[in-house]
Amino acid sequence: MEELAKAYNPHEVEDRIYKDWEAKKYFHADPDPAKKPYSIVIPPPNITGILHMGHALNDTIQDILIRFKRMQGFKAEWMPGTDHAGIATQNVVERKLAKDNIKRQDLGREKFVEEVWKWREEYGSTIIRQLKKLGCSCDWDRTRFTMDDGLSDAVLEVFSRLYEKGLIYRGNYIINWCPRCQTALSDEESQHKDVDGALYYIKYPIKGQVARVKGQGKKDGEEDFVIVATTRPETMLGDVAIAINPKDKRYKDLKGRTVLLPILNRELKIIQDGLVDLKFGTGALKVTPAHDPVDFELGRKYGLDEINVMNDDATINGIGGDYEGMDRFEAREAIIEDLKERGLFVKSEPHRHAVGHCYRCHTMIEPRLSPQWFVRMKPLAEPAIEAVKKGKIKFYPARWTKVYLEWMNNIRDWCISRQIWWGHRIPVYYCKNCGKDTVEGQGAGAKAQGIIVSKIRPEKCPVCGGVDIEQDPDVLDTWFSSWLWPFSTFGWPKETPELKYFYPTDSLVTAQEIIFFWVARMIMAGIEFRGDIPFRNVYIHGTVRDITGTKMSKSLGNVIDPLDMIEKYGTDALRFSIISITAQGQDVFLSEGKFELGRNFANKIWNASRFILMNLKPEDVSADLCVFFEKMSLSLPEKWILSRFYTTLSYVTGCLDEYKFNEAANAIYEFLWHEFCDWYIEIAKADIGSKQSQVILYKILEKSLRMLHPFMPFITEEIWQKLPRDKDSRGDSIMIQAWPHLQKQMISEDAEEKMSDIIEIITAIRNIRSVWNIEPQRAIKASINIHGADEEKFLSENSTIIKRLARLETLEIGKIKKPKNAALSVVGKLEVYVPLEGLIDLEKEKARIMKEASRIEAEISSIVKRLKNDSFVSKAPKEVVEKQASYKAELEIQIKKIKQNLKDLGA
RNA sequence: GGGCAAGUAGCUCAGUUGGUUAGAGCAUUCGGCUUACAUCCGAAAGGUCACAGGUUCAAGUCCUGUCUUGCCCACCA
């Protein structure tokens with residue numbers, strides 16, 4: 001019999017085992033009509049990423065699910081891969097080039113993209129290697145990348161289809177512009193953060209006839225003006241109007257007048273619209289259609305000019321006159337200074353407001369008018385809303401359903417074009433002959449002349465035959481490829497066997513941050529392009545935070561690196577710890593010490609297994625447990641541990657089906673450590689060589705390892721490999737064994753109740769020993785006073801166990817009076833006496849018992865009160881009333897005994 | 001401004017559908033190298049379940065309100 005090493009060394013074990021699994025293709029799944037499929041797609045990490053705790057949690061959950069389902073007999077497919085992360089990756093490579101003083105413009109588009117591919121070859125699979133270290137059993141043979149040929153095909157296909165349907169259009173709209181990345185962003189990529197800014201009050205002179213405006217009327221020597229409040233004075237360079245609310249009495253006289261834009265002296269119209277908030281600022285709004293969404297709307301409504309005053313890098317352009325070339329914030333200061341000089345600056349007051357920031361570089365977003373490509377979302381959203389409402393897709397926890405629906409009901413068009421080079425180039429070509437300028441002013445949904453949508457570069461224009469054709473320089477949002485992930489990875493648009501077999505997938509496991517980015521869009525894409533939902537269940541787990549509740553991030557320096565933890569504690573420890581402290585859908589507050597939980601548990605399992613293996617006789621353990629269970633007459637602890645195992649198994653299986661991973665993990669922990677190790681193994685030590693002990697120890701260990709395997713894959717495999725087993729079992733790895741089959745006939749409430757009495761008795765005696773400071777070596781006597789014959793039987797049968805574990809010299813069981821100078825403990829219906837001649841402080845013991853007595857008396861009185869209540873007796877379920885009554889009877893016996901004892905003590 | 005989540009032992013958190021004495025890990029105290037494990041074993045102490053009402057025979061659990069914290073969403077310039 002092969003023995004286990006003295007101590008478990010995860011580092012020695014993990015790589016070896018993982019390589020073995022990989023070599024034997026255990027992770028790979030092909031369609032198999034004889035089996036049911038179970039598939040998960042990985043939320044593709046981006047290629048610039050490195051494994052952080054969020055991944056560790058996310059991927060551990062998925063690995064638990066997929067291993068569990070694989071063991072349950074499903075054809076389990078976990079599709080892995082990465083996404084190309086357009087902006088992030090381009091930034092990384094640009095930074096790298098900058099070290100050699102090279103700009104991407106120096107290289108040109110083609111060379112630069114080549115550089116990115118090179119970078120990706122070298123570093124892009126870091127995260128994949130790290131997932132392997134985590135033990136993830138992904139089907140690496142199918143690893144996909146969003147820029148792979150197949151997935152790129154899917155992107156082009158989808159773009160054409162949507163364009164043909166009129167769901168993709170190009171137009172000049174206000175978008176979120178990141179001046180640092182110099183690209184448009186979608187609304188989701190603009191993250192609102194509160195910023196301490198200021199509200200600046202500026203005077204706009206009124207042209208011509210004097211206007212009397214309440215509170216701002218003309219004083220002697222002053223010009224007439226209207227005061228406007230703004231947070232971004234620099235955008236005034238693009239002002240084309242002043243808007244007021246038609247209901248605003250203050251500005252009655254302003255109607256029909258013209259206002260002069262300070263500094264530039266442009267004439268501004270006065271427009272009236274209900275959109276203007278009477279209460280904000282002065283109630284007068286400067287209208288800058290090219291730089292603000294509300295103003296843009298007003299502009300289109302009233303046919304105003306749209307004057308863009310900024311360059312791509314948010315410096316002021318030629319329109320800004322003297323301010324040309326200044327950065328937006330620099331221009332702000334300069335303009336304020338100039339206004340002050342001209343006496344047109346009223347005041348500024350502190351103003352806290354939410355401002356969009358680039359989700360990649362955190363630069364402040366500039367709302368800006370720009371020609372971009374959009375997807376009309378409403379038609380796509382409708383069926384996706386239905387699918388969730390009808391329960392075809394379920395969220396766990398369910399509360400996310402509301403969040404999803406809320407967003408989907410208010411969905412806005414998706415800006416999908418990005419002014420970067422790394423990504424899927426937009427498959428649109430412009431025929432210069434037919435007229436490129438048709439782009440301007442074109443409405444949503446309209447197809448424009450001169451636009452050719454084609455997967456490959458057309459030779460000539462299909463309309464005019466012209467050859468002067470140019471491709472759109474922009475690329476698509478990375479999410480425009482990610483949203484196809486659940487089917488593009490299986491070969492769509494080709495109808496592959498994998499696609500047919502594994503789609504729709506079963507579970508999607510992800511973090512709340514990307515419900516809008518990814519989950520919602522996948523649902524829309526799945527239904528639109530594949531005609532079916534992409535997954536049935538969405539499990540949203542919490543965010544990993546540090547111990548103060550702050551989200552872990554590299555810039556804050558509060559990260560706990562999972563790879564460091566693996567190095568320090570082992571992969572299984574990391575996995576088990578993070579799972580057991582993560583309640584369903586709740587955020588996780590992490591500190592390094594929490595990984596000791598998993599490490600200690602691994603150590604415990606290792607040692608228990610080592611002990612069992614040291615004592616195991618392989619020839620004795622090949623029995624079939626069910627047959628064995630029927631034929632042998634088992635002792636109470638044996639029945640008990642079998643019952644406990646199957647109770648736990650049933651519970652764990654249920655938890656995994658409901659995505660309650662922490663509860664499953666904790667149930668296994670509790671069972672293995674505090675029931676199997678603390679009690680059963682200790683009890684079994686007495687006759688460990690017996691056939692019965694051998695079989696039970698072996699079977700429980702082997703089955704428990706299988707139950708634990710999804711959580712702690714490495715240590716369970718390592719131990720399992722050392723167990724004696726039949727050669728012709730399913731294979732040579734625990735990961736392809738069956739999930740233990742539930743044997744309901746072995747669950748026995750009676751055994752569990754009786755055994756818990758035994759445990760309580762032993763604990764009570766140990767307690768007395770501890771209270772009275774009796775050395776552990778010292779043998780003591782004890783007696784148990786019983787009331788029924790049934791009790792006598794099972795207590796006598798197990799008296800050797802009680803004696804050994806409580807370290808008793810003798811144990812008397814029967815109708816026994818309290819011996820003199822004995823300590824008392826009440827266990828259920830029983831009294832346990834430990835005579836301690838000369839060791840007890842009578843007064844102290846009296847106090848101890850009296851405390852116990854008052855507790856019980858209080859309880860009795862509350863039960864009596866309840867039982868006297870007619871409503872309770874008539875309305876509560878019968879078994880609750882019965883339980884109360886019998887519990888009361890039990891307590892009354894206890895209190896009687898205790899009082900007797902107190903009398904004996906002279907109270 | 002809207003929404004969501006949370007407030008339970010010194011700390012971090014569990015607590016199924018309301019039903020006997022509210023649990024765990026860490027920390028604390030006491031005692032132990034008992035032939036697997038000191039990453040261990042045994043024992044103890046520690047809680048008006050944020051607050052106020054309500055529903056109910058019965059509330060940590062359901063409802064309403066209040067307070068505190070965190071998160072998400074949002075075109076008040």
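Source: prediction; values computed, not measured. Chain letters run A, B, ... following the sequence lines, proteins first, then strands; residues in each count from 1. Atoms considered below: every heavy atom in the structure, side chains included; atoms not considered: hydrogens, waters and symmetry mates.
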Over 60° means perpendicular and under 30° means parallel, so tell me whether Phe280(A) and His351(A) are parallel, tilted or perpendicular. perpendicular
Considering only the P atoms, how many Å lie between C51(B) and G10(B), rounded to the nearest integer? 14 Å
Check every strand shown and say whether Pro367(A) touches a base, only sugar-phosphate, or nothing at a heavy-atom separation below 4.0 Å. nothing
Going by purine N1 to pyrimidine N3 plus the second Watson-Crick contact, or the G-U wobble pair, all under 3.5 Å, which nucleotide sits opposite A5(B)? U69(B)
Is the phosphate of U16(B), meaning OP1 or OP2, less than 4.0 Å from a side-chain N or O of Lys660(A)? no
Between Arg575(A) and Gly598(A) (side chain of the first, backbone of the second, donor and acceptor by atom type, cut-off under 3.5 Å), is there such a pair? no
Whole-Å gap separating C1' (A36(B)) and OH (Tyr698(A)): 19 Å
According to a strict under-4.0 Å criterion, is Arg412(A) in side-chain N/O contact with OP1 or OP2 of C75(B)? yes
Assign Asp678(A) to base, sugar-phosphate, or nothing according to its heavy-atom contacts below 4.0 angstrom with the strands shown. sugar-phosphate
For Leu597(A) and for Ala608(A), find the nucleotide of RNA chain B with the closest heavy atom, then tell me which residue's nucleotide is more 5'. Leu597(A)
State the pairing partner of A52(B); accept Watson-Crick or G-U wobble contacts with both distances under 3.5 Å, and report none otherwise. U64(B)
Does A43(B) have OP1 or OP2 under 4.0 Å away from a side-chain N or O of Thr763(A)? yes
Given that both distances must come in under 3.5 Å, which nucleotide forms a Watson-Crick or G-U wobble pair with G42(B)? C30(B)
Would the base of A36(B) count as contacting Lys685(A) through its side chain, where contact means a donor and an acceptor less than 3.5 Å apart? yes
Look at all strands and tell whether Ala354(A) reaches a base, only sugar-phosphate, or nothing, counting heavy atoms closer than 4.0 Å. base
Would you mind pulling out the nucleotide paired to A36(B), Watson-Crick or G-U wobble, both distances under 3.5 Å? none
Can you identify which nucleotide, out of C57(B), G42(B), A77(B), has its nearest atom closest to the Asn869(A) side chain? C57(B)
Parallel under 30°, tilted from 30 to 60°, perpendicular over 60°: which one fits the rings of Phe676(A) and Phe671(A)? parallel
Output yes when at least one side-chain N/O atom of His353(A) is less than 4.0 Å from OP1 or OP2 of C75(B), else no. no
Base, sugar-phosphate, or nothing: which does Val771(A) touch, judged by heavy atoms less than 4.0 Å apart? nothing
Base, sugar-phosphate, or nothing for His674(A), non-hydrogen atoms under 4.0 angstrom? sugar-phosphate
For A58(B) and Lys865(A) - does any side-chain N or O of the residue sit under 4.0 Å from the phosphate oxygens OP1/OP2? no
Under 4.0 angstrom, heavy atoms only, what part of the nucleic acid is Ile581(A) near: base, sugar-phosphate, or nothing? nothing
side-chain N/O Trp772(A) vs C30(B) OP1/OP2, d < 4.0 Å: no
Base partner of A77(B), which must satisfy Watson-Crick or wobble distances under 3.5 Å: none
Applying a 3.5 Å limit to both distances, which nucleotide forms a Watson-Crick or G-U wobble pair with U17(B)? none
Under 4.0 Å, counting only non-hydrogen atoms across every strand here, what does Gln586(A) touch: a base, just sugar-phosphate, or nothing? sugar-phosphate
Using the C1' atom on both, measure A22(B) against A9(B) and round to a whole Å. 11 Å
When you measure from the centre of the six-membered ring of Phe611(A), is the NZ or CZ of Lys685(A) under 6.0 Å away and within 45° of the axis? yes
Gap in Å between the two C1' atoms, one belonging to U21(B) and one to G60(B), rounded: 15 Å
Under 30°, 30 to 60°, or over 60°: which ring-plane class applies to Tyr669(A) and Trp673(A), parallel, tilted or perpendicular? tilted
Side chain of Tyr651(A), heavy atoms from C-beta onward: which of A36(B), U16(B), A43(B) has the nearest atom to it? U16(B)
Any donor-acceptor pair under 3.5 Å linking the side chain of Asp587(A) with the backbone of Gly542(A)? no
What is the nucleic acid contact for Glu859(A), judged by heavy atoms within less than 4.0 Å: base, sugar-phosphate only, or nothing? base
Nearest heavy-atom pair of Thr543(A) and Glu513(A): which atoms, and what distance? OG1-OE2, 3.2 Å
Has the side chain of Glu682(A) got a donor or acceptor that lies under 3.5 Å from a partner of the other kind on the base of A36(B)? yes
Indicate whether OP1 or OP2 belonging to C71(B) is found under 4.0 Å from a side-chain N or O atom of His192(A). no
Within 45° of the axis and under 6.0 Å from the centre of the six-membered ring of Tyr173(A), does NZ or CZ of Arg300(A) qualify? yes
When we call it a touch if two heavy atoms are under 4.0 Å apart, what does Phe516(A) touch: a base, just sugar-phosphate, or nothing? sugar-phosphate
NA contact type, Val880(A), heavy-atom cut-off 4.0 Å: base, sugar-phosphate, or nothing? base
Between Glu670(A) and Gln191(A), just flag the one whose closest nucleotide in RNA chain B comes earlier from the 5' side. Glu670(A)
Among the nucleotides A77(B), A74(B), C37(B), which one has an atom lying closest to any side-chain atom of Asp194(A)? A74(B)
Residue-phosphate contact under 4.0 Å: Asn410(A) side-chain N/O, A74(B) OP1/OP2: no
G42(B), G15(B), A36(B): which one has an atom nearest the side-chain heavy atoms of Arg766(A)? G42(B)
Look at the side-chain N and O atoms of Asn767(A) and state whether any lies under 4.0 Å from the OP1 or OP2 oxygen of A44(B). yes
Nearest of A36(B), G19(B), U21(B) to any side-chain atom of Tyr887(A)? U21(B)
Paired with G25(B): which nucleotide, if any, by Watson-Crick or G-U wobble criteria at under 3.5 Å for both distances? C11(B)
Within the structure shown, what part of the strands sits under 4.0 Å from Glu297(A) by heavy-atom distance: base, sugar-phosphate, or nothing? nothing
Within the 4.0 Å heavy-atom criterion, would you say Lys279(A) contacts the bases, only the backbone, or no part of the nucleic acid? nothing
